[in-house]
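Below: one structure, written as structure tokens.
In this chain, numbering begins with 1 at the start of the sequence shown.
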Amino acid sequence: MHVTAHPQRRSERRVPAHPVLVSAEAEGMRAVGEAVNLSDGGACLALDDAMLAVGDELILRLHSGQARQEVPATGRVVWTASDPDGTRCGLEWTHAGPQRQWIGWLAEA
């Protein structure tokens, strides 16, 4: 696992040891992709052709091939960028439920 720190971030980003697949839904939008990194505060996602804007609320399902459990999560888009394969976006988690503990576990699974 690779850990990155940024002076403006409140939590360390962890690059998952194995691919973490993501399905994302927002009003009128569905996309699939992969988590580039995860943290206690949010995530960076690479999604296929997602039309997202800062402030959009996403419902996510995260799944690692190494893990048997799907992790539900919700997040708010804080930045977006075009990528040759689709869209990258930064999310801030918006729900502090028990799945928050599973996020760190997914990064290591």
Side-chain angles (χ1 to χ4, degrees):
M1 168 182 55
H2 176 70
V3 176
T4 58
H6 187 280
Q8 296 175 343
R9 290 194 177 125
R10 293 178 292 231
S11 49
E12 292 181 354
R13 301 278 183 190
R14 293 172 284 190
V15 176
H18 301 281
V20 174
L21 304 179
V22 177
S23 65
E25 293 182 35
E27 193 170 329
M29 187 279 310
R30 285 184 180 208
V32 295
E34 191 171 324
V36 176
N37 62 51
L38 299 163
S39 79
D40 291 337
C44 174
L45 306 178
L47 300 172
D48 65 350
D49 279 336
M51 298 298 291
L52 297 172
V54 171
D56 285 352
E57 298 280 339
L58 300 181
I59 298 170
L60 305 169
R61 288 177 179 70
L62 306 160
H63 185 269
S64 169
Q66 303 298 315
R68 295 184 182 160
Q69 186 165 1
E70 184 178 85
V71 176
T74 58
R76 179 179 306 107
V77 177
V78 293
W79 61 265
T80 65
S82 295
D83 186 272
D85 297 323
T87 301
R88 283 202 182 215
C89 69
L91 291 183
E92 174 181 55
W93 303 128
T94 56
H95 182 70
Q99 73 271 22
R100 279 293 224 8
Q101 296 173 10
W102 302 337
I103 301 294
W105 174 74
L106 270 179
E108 297 173 5

Specify the closest pair of heavy atoms between A24 and L58, including all atoms of both residues, with the distance to one decimal. CB-CD1, 4.5 Å

Sorted by chain and residue number, the side chain to side chain contact (heavy atoms under 4.5 Å, CB included) partners of A31 (sequence neighbours excluded) come out as M29, L47, D48, A50

Before giving the answer on side chain to side chain contact (heavy atoms under 4.5 Å, CB included), spell out for L45 and V36 the whole-Å C-alpha distance, their side-chain angles and the decisive distance to 0.1 Å. CA-CA 5 Å; L45 306 178; V36 176; over 6 Å; no

Candidate list L52, L60, V22, L38, test side chain to side chain contact (heavy atoms under 4.5 Å, CB included), partner L91, passing option: L60

About how many Å separate NE2 of H63 and CD of E70, when rounded to the nearest 0.5 Å? 7.0 Å

Closest non-hydrogen atom pair between P16 and N37, with its separation: CD-CA, 4.0 Å

Keeping W93 on the side-chain end and S39 on the backbone end, is there a donor-acceptor pair under 3.5 Å? yes

For E34, what residues pass the salt bridge (charged side-chain N to carboxylate O under 4.0 Å, His left out) criterion, not counting sequence neighbours? none

Rounded to the nearest 0.5 angstrom, the SG-CZ distance for C44 and R88 is 5.5 Å

Checking side chain to side chain contact (heavy atoms under 4.5 Å, CB included) against C89, which of T80, D56, V78 comes through? T80

Those residues that, when tested against R76, pass side chain to side chain donor-acceptor pair (under 3.5 Å) (two or more places apart): E57, E92

If you count heavy atoms of other groups shown closer than 6.0 angstrom to CG of L21, is the number above 12? yes

